[in-house]
Novice: 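Quick one: this structure, given as structure tokens, is what I'll be asking you about.
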Amino acid sequence: MPYEKNKRQAFEAAQQAYVHMEESFSQIDPGSPDYGHQTRLAEEELNKASQIISKAYTTASEHQRQQLDLYSQTLERLKQDLMQ
């Protein structure tokens, strides 16, 4: 049972980190005087989400892995967008 609880907690932490990252990106306004700050915060959330998602892979079920794969793909796309 502890393994199942840890697996669920790791996946929920990954989901939560992903949602926080999405919220940070949605707050970026290129016309805002705080654009640089908003971008930096979004990048920090992206890096944090990436680390948490990587850790969640170690205990994830097959179904959870599929969702984590989708999260990872989105993170990679957003990283590329930030570099442009």
Novice: Take atom CD in Q16; do more than 12 heavy atoms of anything else shown fall under 6.0 Å from it?
Specialist: no
Novice: Specify the closest pair of heavy atoms between S72 and Y57, including all atoms of both residues, with the distance to one decimal.
Specialist: OG-OH, 3.4 Å
Novice: Assess whether side chain to side chain contact (heavy atoms under 4.5 Å, CB included) is satisfied between Q73 and L70, documenting all intermediate values.
Specialist: CA-CA 5 Å; Q73 289 170 8; L70 293 174; 4.0 Å; yes
Novice: Could you tell me the separation between the CD atom of Q64 and the CD atom of Q15, rounded to the nearest 0.5 Å?
Specialist: 8.0 Å
Novice: Is E44 salt-bridged to K48, going by a charged N under 4.0 Å from an acidic O?
Specialist: no
Novice: Start with the C-alpha gap between Q38 and F25, add the side-chain angles, then the distance that decides, and say whether side chain to side chain contact (heavy atoms under 4.5 Å, CB included) holds.
Specialist: CA-CA 8 Å; Q38 293 166 349; F25 270 85; over 6 Å; no
Novice: Using a strict cut-off of less than 4.0 Å between a Lys/Arg side-chain nitrogen and an Asp/Glu carboxylate oxygen, indicate whether K79 and E76 qualify as a salt bridge.
Specialist: yes
Novice: Enter the distance from D29:CG to Y35:OH here, rounded to the nearest 0.5 Å.
Specialist: 9.5 Å
Novice: Applying side chain to side chain contact (heavy atoms under 4.5 Å, CB included) to R77 and Q80, what does each step give before you reach the verdict?
Specialist: CA-CA 5 Å; R77 185 174 38 82; Q80 293 300 319; 5.8 Å; no
Novice: Enter the distance from E45:CD to I52:CD1 here, rounded to the nearest 0.5 Å.
Specialist: 8.5 Å
Novice: Spell out, as yes or no, whether a donor-acceptor pair under 3.5 Å connects the side chain of Y71 to the backbone of A14.
Specialist: no
Novice: For the CE atom of M21 and the CG atom of N47, what is their distance to the nearest 0.5 Å?
Specialist: 11.0 Å
Novice: At what distance, to the nearest 0.5 angstrom, does CG of L75 lie from CD of E22?
Specialist: 9.0 Å
Novice: Between L68 and F11, does the side chain to side chain contact (heavy atoms under 4.5 Å, CB included) criterion hold? Intermediate values first, please.
Specialist: CA-CA 8 Å; L68 293 173; F11 182 73; 4.1 Å; yes
Novice: Can you give me the closest heavy-atom contact between A56 and A10, atom names plus distance?
Specialist: CB-O, 3.6 Å
Novice: Is a donor on one side and an acceptor on the other found under 3.5 Å between the side chain of S50 and the backbone of L46?
Specialist: no
Novice: Kindly compute the distance separating CG (D34) from CG (L41), expressed to the nearest 0.5 Å.
Specialist: 9.5 Å
